[in-house]
Structures are given as C-alpha cells and as structure tokens.
Amino acid sequence: MDEQTFEYSLDYALQLDAEDSLAKYQAEFYKKKGIIYLDGNSLGLLSKRAEKSLLELLDSWRNFGIDGWTEGEYPWFDLSERLGKMIAPLIGALDDEVIVSGSTTTNLHQLVATFFEPNGRRNKILADELNFPSDIYTLQSQLKLRGFDPGIHLLRVKSRDGRLIEEDDIIAAMTEEVAIILLPSVLYRSGQILDMKRLTNEAHKRGIIIGFDLCHSIGAIKHWLDEWDVDFAVWCNYKYLNSGPGAVGGLYVNKRHFGRLPGLAGWFSSQKDKQFDMEHILTAAEHAGAYQIGTPHILSMAPLIGSLEMFEEAGMDHLRNKSLQITRYMMNLITYELNDMGFTIGNPLDDHRRGGHIYLEHKEAARICKALKANGVIPDFRAPNGIRLAPIALYTTYEEVWNSVQLLKKIMEDEQYKQFENKRGVVA
Ligand SMILES: *Cc1c(COP(=O)(O)O)cnc(C)c1O
C-alpha cells in the first residue's frame with residue numbers, strides 16, 4: 001500500500017479486502033450485521049471455534065463428572081500447561097515458561113510477590129505514570145504488604161506529552177534503589193510499543209528484574225521474550241486472543257528463574273505427580289506451572305483452545321502484517337477525511353512503535369464515541385479525550401474501516417455528536 005497506489009475510495013478498500021490472505025477467518029466470527037466492531041482490543045469477538053471448544057468442555061463435565069480431570073480429549077488436570085504450550089510461540093517463549101492461569105491482576109500479584117526481593121537500599125519498584133490502574137494498585141498493595149510506603153517506594157516514570165513514555169527516561173530512572181520494574185509492552189491508551197529488548201538489557205546491566213504486562217500486545221504484535229531474556233510477563237486472553245469475558249489469563253517466567261518458590265503458593269503450584277500426596281510441604285513445579293495457585297477455571301479457559309488454534313494456523317507474521325497495513329490504512333483515511341475537525345492521532349506513527357489500535361484524540365471524544373455507537377460503530381472511549389479504534393487482523397475488513405471513517409466524518413459534519421452528553425458511560 002504505497003503512496004502511489006493509495007486511493008480514497010470504497011473500490012480501493014474492496015480491492016484490499018480481495019487481496020487479504022486472512023479474509024477467510026472473518027466468517028468464523030460472530031459479527032453482527034450492520035455493526036462495525038472496533039473494540040477487539042478490549043474484548044475480542046466470539047469465534048465459532050472458541051464456542052465449539054467451550055461446548056466440548058461443558059460436555060466433558062456432563063459426561064465424565066470428576067473423571068474429567070483425567071479423561072476426554074482435553075483432560076482438565078494439565079490443560080493449563082497444554083494451553084501454555086500453545087501460547088508460547090505468540091510470545092517467543094519456551095513451552096514450559098508459560099502457564100495459563102489466574103488473571104492479569106492476580107498473576108501480577110503472584111509475580112511481584114515472587115520477584116520483589118528488597119535488599120538494603122534496593123527496595124523500590126519502578127513503573128510508569130501511564131500504566132493501567134490495576135497494575136499500579138497491585139504494586140501499591142504489594143509494597144504495603146511488605147511494610148513499604150508506596151508514596152516513596154513506587155517510582156513512576158513521567159510521560160513528556162501525556163501519550164508516550166520515552167525509553168531514555170525509563171533507563172535514566174533505573175537507579176541502584178530499584179529492585180524490580182514493571183512496564184506495559186504496549187500502552188493501553190496511545191498504543192505505543194516499548195522497546196522491551198533494550199529495556200531488559202539495560203535493566204539487567206544494573207541488576208534489576210524486569211517484567212512486562214502484555215495485555216495490549218499478545219495476539220497483536222510479535223515478541224521474543226526468551227531471546228530478550230525478559231524475567232517475567234503477565235497478560236489477559238480476552239482482548240486480541242478472543243477467549244471471552246473474564247477468560248483465564250497467562251504468565252511467563254524465564255527459565256533462569258525455575259525453582260524460585262512462588263510468593264503466593266497453592267496446591268496447583270505443586271509438581272503434578274506430587275499434588276495428590278497431600279503433603280503440607282509444597283514441592284513446587286520446576287517450570288512456570290509453579291506460579292499457579294488454585295484449581296483452574298476450566299470453563300473460562302475452554303474458549304482459548306479453539307481461539308489459539310486459529311492463531312497457530314494464521315501465524316503471527318501474517319497477523320502482524322495485516323494489522324500494520326490496516327492501521328496504516330485507517331490513519332491515512334483519518335488524515336485525509338477528518339482534516340481540520342479537531343482530531344489528533346495520538347498513537348505513534350512508526351510501524352515498530354505502533355501496537356494494534358489507533359488512538360484518536362478530540363476534546364469531544366466522549367460524545368463522539370456515543371454518536372459512533374448510535375451509528376453502529378463500536379469504538380472505545382478512554383478518559384480524558386481518547387477514542388480507541390482497533391481494526392482486528394482476524395475479523396475486520398478494509399471496507400469496514402472505510403465505512404467507519406465515512407460515518408465519523410458525517411457525525412462531525414452534521415454535528416450529530418452534540419445530541420449526546422460529553423461524559424463517559426459506566427463501562428467506557
Ligand atoms: C486489560 C488490562 C488489565 C486487566 O486486568 P484483569 O486482571 O484481566 O482485569 C490489566 N492491565 C492492563 C495493562 C490491561 O490492559
């Protein structure tokens with residue numbers, strides 16, 4: 001899609017759809033007629049394969065009762081490990097460095113409890129001021145549990161412009177007081193990708209443990225966590241991985257740390273063959289499985305089976321290529337069609353710094369989002385002035401992107417957004 005061939009026309013959008021090698025997956029998703037869903041970075045749509053695997057596990061409960069732990073095509077007892085293996089290629093990890101378990105927030109509690117080892121003056125946690133609140137609350141409560149004042153011991157790297165965090169500023173904050181760093185891989189508002197390789201390298205030079213929250217990158221961009229030597233990571237599976245509301249999350253622990261005891265232990269932290277010995281001394285698994293806590297939520301894990309099959313089949317290379325192309329396409333349309341309407345593209349423009357969504361800023365953002373919804377386009381609003389638009393590689397068409405930008409233009413020209421209050425809803 002170079003500058004010469006780009007055309008501002010519906011025909012051109014249709015041509016891009018005809019050339020899209022991932023187009024066959026669109027029919028596998030439950031897309032509503034007349035609705036353009038651009039919120040797959042918040043909650044991915046249901047696919048037929050995810051639905052099928054969910055129903056299969058419901059059947060295994062019906063058919064086997066307690067024996068479902070060991071019977072059927074997907075015995076529940078090692079399903080977390082099996083799914084970890086399926087996720088490993090998405091993040092460039094070894095099979096046993098990954099486990100599907102818990103949620104982003106609980107996994108983060110677990111890994112901070114495991115990796116935060118204050119030692120003398122090295123007793124601070126470094127994060128950033130743009131991260132998602134749950135991550136920050138986790139760090140604050142972990143500090144409190146250890147008797148530290150989060151006001152002093154939680155450092156947050158400042159953003160220069162309210163959108164991006166500069167890697168140079170993060171590195172400058174890596175002092176000898178920092179024990180552990182937690183950062184997002186992709187910022188949830190601006191969609192900026194942080195240079196995880198460089199940051200890991202710089203942290204390790206200074207003897208600091210570093211982990212990333214992959215919520216907005218897993219299934220959207222490629223990662224090489226093992227090669228980069230990242231210490232740990234956490235994520236959810238309901239955004240780009242389309243595994244359903246509250247789907248069980250995941251975590252990664254670098255193999256160098258295998259054998260480190262879980263900060264928050266439970267019986268599922270156990271070596272599998274020892275678990276039912278019921279001893280009061282834990283023999284922890286010697287892989288990422290050690291950081292599980294209790295009985296896995298099988299039914300909230302089941303959709304992942306079908307969903308991950310699609311990722312395996314489609315391949316992250318193809319998915320990332322389409323995502324880059326369709327977000328570039330959307331930015332071109334926005335720049336051309338919405339010129340002089342008060343919009344600013346707040347996400348990084350470069351391919352290597354741009355995640356899977358577009359972040360549009362406008363002072364009327366809250367009510368523009370409401371008007372978009374009233375017109376059948378589902379964006380999401382992020383306070384104070386952001387509109388996130390995520391064209392998803394597996395199921396969004398170029399035609400839908402074309403139509404959504406045309407609708408947005410009309411909403412602005414007709415001032416339709418003025419019919420709504422400029423205030424966010426309960427779930428924005
Ligand atoms: C979506 C998201 C979460 C959500 O955490 P849950 O424990 O799944 O509710 C946390 N952090 C980030 C950065 C997110 O994007």
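Ligands are counted one by one from 1 in listed order, and the atoms in each one are counted from 1 as well. Scope of the values below: all heavy atoms of this structure, side chains included, with no hydrogens, waters or symmetry mates. For this chain, numbers begin at 1 and follow the sequence in order.
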**Student:** Under 4.0 Å from ligand 1, counting heavy atoms only, is it the side chain of T104, its backbone, both or neither?
**Tutor:** both
**Student:** Look at the aromatic rings of H357 and H216 and report parallel, tilted or perpendicular, splitting at 30° and 60°.
**Tutor:** perpendicular
**Student:** Do H287 and E81 come close enough that some side-chain heavy atom pair is under 4.5 Å?
**Tutor:** yes
**Student:** Is the closest N or O pair between K239 and ligand 1 shorter than 3.5 Å?
**Tutor:** yes
**Student:** Taking only heavy atoms of D135 into account, list the atoms of ligand 1 that are under 4.0 Å away from them.
**Tutor:** 10 (C), 11 (N), 12 (C), 13 (C)
**Student:** Among residues at least two apart in sequence or on other chains, which ones pass side-chain hydrogen bond (donor to acceptor under 3.5 Å, both in side chains) with N385?
**Tutor:** none
**Student:** Do W69 and F276 have their ring centres less than 6.0 Å from each other?
**Tutor:** no
**Student:** How far is atom 8 (O) of ligand 1 from its nearest protein heavy atom, and which residue and atom name does that atom have?
**Tutor:** Y238 OH, 2.6 Å
**Student:** Would you say the rings of Y398 and Y329 are close, in the sense that their centroids are separated by under 6.0 Å?
**Tutor:** yes
**Student:** Donor-acceptor pairs under 3.5 angstrom involving side-chain atoms of residues 150-158: please list them, not counting sequence neighbours.
**Tutor:**
from, atom 1, to, atom 2, distance (Å)
H153, ND1, N123, O, 2.9
H153, ND1, N123, OD1, 3.4

**Student:** List every atom of ligand 1 that sits less than 4.0 Å from any heavy atom of H216, numbering the atoms from 1 in the order shown and giving each element.
**Tutor:** 15 (O)
**Student:** Do me a favour and list the nearest non-hydrogen protein atom to atom 3 (C) of ligand 1 with residue, atom name and distance?
**Tutor:** F132 CE2, 3.6 Å
**Student:** Ring centres under 6.0 Å, that's the criterion: do F232 and Y252 meet it?
**Tutor:** no
**Student:** Pull out every atom of ligand 1 sitting under 4.0 Å from any heavy atom of S103, numbered as shown with elements.
**Tutor:** 7 (O)
**Student:** Consider every N or O of Y188 and every N or O of ligand 1, then say whether any pair is closer than 3.5 Å.
**Tutor:** no
**Student:** Consider every N or O of N131 and every N or O of ligand 1, then say whether any pair is closer than 3.5 Å.
**Tutor:** no
**Student:** Any N or O of S134 that comes nearer than 3.5 Å to an N or O of ligand 1?
**Tutor:** no
**Student:** What is the closest protein heavy atom to atom 7 (O) of ligand 1, and at what distance does it sit?
**Tutor:** T105 OG1, 2.6 Å
**Student:** Classify the angle between the aromatic ring planes of F77 and F268 as parallel (below 30°), tilted (30 to 60°) or perpendicular (above 60°).
**Tutor:** perpendicular
